[in-house]
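Here is the structure we will look at, set down as structure tokens.
Just so it is clear: chains get the letters A, B, ... in the order the sequence lines come, proteins before strands, and each one is counted from 1.
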Amino acid sequence: MSLRAVRGVKDILPGEVELWEVVEAEARRLFKTFGYAEIKIPVFEHTSLFARSLGETTDIVQKEMYTFEDRGGDSITLRPEATASLVRAYIEHNLFHPPRLLKVFTIGPMFRYERPQAGRFRQFYQVNAEAFGSDNPAVDAEILVFVDKLLRALHLDDLEVRLNSLGDEACRPRYTEALTAFLQRRRDALCEDCDQRIDLNPMRVFDCKTPGCQELKEAAPTIGEYLCEACVDHFEQVKAHLARVDIPVHLDPQLVRGLDYYTRTTFEVVSARLGAQDAVCGGGRYDGLVEALGGPPTPAIGFAIGIERLVSLLDRSRLPLDEGTPQLFIATVGEGVDEVAFEIMHALRSASIRVEREYESRSLKAQMKVADRSKAQYTLILGGDELARGAALLRNMAASSQEEIALDSLVEEIKARLALP
RNA sequence: GUGGGCGUAGCUCAAGGGUAGAGCACCAGGUUGUGGUCCUGGGGGUUGUGGGUUCGAAUCCCAUCGCUCACCCCA
């Protein structure tokens, strides 16, 4: 096979794309009810945006970005995530003016140069949402309510929401210091990767899966013990809001994030049915990012849902998929009825009836087979005999019954049988 | 970037040195113009690619590409 898609990307074909349609439709519907407005942003940005927002030392920036020089000599990067772009747009268009809570979402592809595996692709799609301008814990809770509602609408009730607080600039440094000291004392027990993480981003040791590090983690200090009063209070309120509306969450004191900009509330939704890449959704608060990128001090919180991973969990039998099944199939018999068929198909479609047809002149038997496979409710058989007296045969496929219908009332008759207005 | 597994028909897979097969799918027929079940027949593969060993390679060896899973990272 000489023509192939690029490694790590894939086509979403008819048959699967209907699941995507349901996910996107549900998300859009819920965003409206939660007051989020859609925003469309470019898929590439100046490279510096990502370096500044994600953190120079993150893996994404150091080895996973699709970065290239454009014809004008600028360094461009295909977005590895959406938050940076959304913050950029927020600042660029002065969306902080007038001061208010601004809630936006976007849906689209992200790009990361990683080794592909189950649930990990080089181009993958995310649903992204951000709420700018409030540090009220109710906003945090609301986001988790949204995620919960979306998952339930998609009949996903076996996912676990993990929640933690990462503290802020007041308390996190103290914790990082303590953790670093703890890890340095046990340096020889750590794996090679974690040894390096001590200096780069010590909290990521909690992500390590090596048995030795796992044991060490148990004894390590957790961020919760070091949170300042304001962060404790904030976190408590988030939890209280969630409890009030019965949103179940699993507190995970060791939950950390790979991106530098997160503060305070952090969460992740994971599935036991996925492989190593088990996070369907991840997000959290990033109260310092807008200012760090040159905007006014603006608290904000957001999240991203991985659509491929979400779709892979869906049970199609529980979802209203639109397979595009025709309501009516047109079969023709004999010479010279093609034009009539074309005209009738046009009239039916003008009445918003889904019509399909076999275009090749094949035997009626073959056409009926195609009609059957199409799962059309009715088949309209246009034959010379009936056409000669201004009529056609309408066959109810499930009932295996058929009747003759006059051509001049065809559209009305068919609409009546399909129970259309 | 590192390691494991796998590449045979559209799909799922057999054949493990001696003519490349099955199921499903597809096409046609089973008397004039009727689908699903059934019966009969048919089309379809330079066995990922390139080398090597051999009288003979899908099968053994080497390389290469691809897919896949895991590490890593994260959605």
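At the heavy-atom level, F121(A) lies under 4.0 Å from base atoms of the strands shown. Heavy atoms of T58(A) sit nowhere under 4.0 angstrom from any nucleic acid atom. Residue-level contact check: E64(A) touches the backbone only, with heavy atoms under 4.0 Å from sugar-phosphate atoms and none from bases. When heavy atoms are screened at a 4.0 angstrom cut-off, K369(A) is found touching the sugar-phosphate backbone but no base atom. Using a 4.0 Å heavy-atom distance criterion, G275(A) is classed as a sugar-phosphate-only contact. Contact annotation for A371(A): no contact, since no heavy-atom pair falls under 4.0 Å across all strands. Across all strands shown, L310(A) has no heavy atoms under 4.0 Å from either base or sugar-phosphate atoms. Within 4.0 Å (heavy atoms only), N128(A) reaches no atom of the nucleic acid at all. L393(A) comes within 4.0 angstrom of a nucleotide base, judged by non-hydrogen atoms across all strands. Among the atoms of the strands shown, only primed sugar atoms or phosphate atoms (P, OP1, OP2) are found under 4.0 Å from some heavy atom of R7(A).
The partner of C71(B), taking Watson-Crick or G-U wobble pairs whose two distances both stay under 3.5 Å, is G1(B). Applying the Watson-Crick and G-U wobble criteria (two distances, each under 3.5 Å), G43(B) pairs with nothing in any strand. Pair check for A14(B) finds none; no Watson-Crick or G-U wobble contact set falls under 3.5 Å. G66(B) and C6(B) make up a base pair, with Watson-Crick or G-U wobble contacts both under 3.5 Å. Across all strands shown, G30(B) is found opposite C38(B) as a Watson-Crick or G-U wobble partner, with both distances under 3.5 Å. For U19(B), there is no paired base (Watson-Crick or G-U wobble, both distances below 3.5 Å).
Out of C67(B), C72(B), G35(B), the shortest distance to the side chain of M397(A) is found at G35(B). Comparing C71(B), U34(B), A75(B) against the side chain of A279(A) picks out A75(B) as the nearest. When distances are taken from the side chain of S363(A) to each of G33(B), G29(B), C72(B), the shortest belongs to G29(B).
Counting only N and O atoms by type, the side chains of H234(A) and D140(A) include a donor and acceptor under 3.5 Å apart. Donor-acceptor pairing under 3.5 Å is lacking for the side chains of E64(A) and Y66(A).
In the interface, the side chain of S400(A) is paired with the base of G35(B) through a donor and an acceptor atom under 3.5 Å apart. E386(A) contributes a side-chain N or O that forms a donor-acceptor pair with the base of G33(B) under 3.5 Å. Taking only distance into account, the side chain of Q367(A) never meets the base of U34(B) through a donor-acceptor pair shorter than 3.5 Å. For R373(A) against G36(B), no side-chain N or O and base N or O form a donor-acceptor pair under 3.5 Å. For R4(A) against C67(B), no side-chain N or O and base N or O form a donor-acceptor pair under 3.5 Å. The base of C72(B) sits with one of its N or O atoms less than 3.5 Å from a complementary donor or acceptor on the side chain of R120(A). Side-chain to base pairing of Q126(A) with C74(B): no donor and acceptor N or O lie closer than 3.5 Å to each other.
Side-chain atoms of H346(A) never come within 3.5 Å of backbone atoms of F342(A) as a donor-acceptor pair (strictly under, hydrogens ignored). A donor-acceptor pair is defined here as one N or O able to donate and one able to accept, closer than 3.5 Å; no such pair exists between the side chain of E81(A) and the backbone of M110(A).
The aromatic ring centres of F146(A) and F34(A) sit less than 6.0 Å apart.
Side-chain contact between V9(A) and F121(A): absent, with no pair of heavy atoms (C-beta onward) separated by less than 4.5 Å.
Atom-to-atom, CZ of R79(A) to C1' of A75(B) comes out at 13 Å; the value is rounded to the nearest Å. Taking atom CH2 on W20(A) and atom P on A75(B), their separation rounds to 16 Å, with Å as the unit. One atom, NZ of K10(A), and another, C1' of G66(B), lie 17 Å apart when rounded to the nearest Å. Atom CE in M65(A) sits about 14 Å away from atom P in C74(B), given to the nearest Å.
Comparing the P positions of G52(B) and U59(B) gives an interatomic distance of 14 Å, to the nearest angstrom. The separation of A14(B) from U8(B), taken at their C1' atoms, amounts to 9 Å, rounded to a whole angstrom. Nucleotides U54(B) and C61(B), compared at atom C1', are 12 Å apart to the nearest Å. Comparing the C1' positions of G5(B) and U37(B) gives a spacing of 41 Å, expressed to the nearest Å. The separation of G44(B) from A22(B), taken at their P atoms, amounts to 14 Å, rounded to a whole angstrom. A gap of 15 Å separates the P atoms of C26(B) and G35(B), to the nearest Å. Between G4(B) and G43(B), the two P atoms lie 44 Å apart (nearest whole Å). C69(B) and U53(B): their C1' atoms are spaced 33 Å apart (whole Å).
Phosphate contact (OP1/OP2 of C74(B), side-chain N/O of R309(A), threshold under 4.0 Å): absent.
Positionally, the nearest nucleotide of RNA chain B for R362(A) lies more toward the 5' end than for the other of I307(A) and R362(A). Ranked by how close their nearest RNA chain B nucleotide is to the 5' end, G8(A) and I60(A) are led by G8(A).
F105(A) does not carry K103(A) over the face of its six-membered ring by the limits of under 6.0 Å from the centre and within 45° of the normal. Stacking of R172(A) on the aromatic ring of Y226(A) is not recorded, the 6.0 Å distance cut-off and the 45° axial limit not both being met.
Using cut-offs of 30° and 60° for the angle between ring planes, the Y286(A) and F132(A) rings count as perpendicular.
Syn is the conformation of G16(B), whose glycosidic angle sits no further than 90° from 0.
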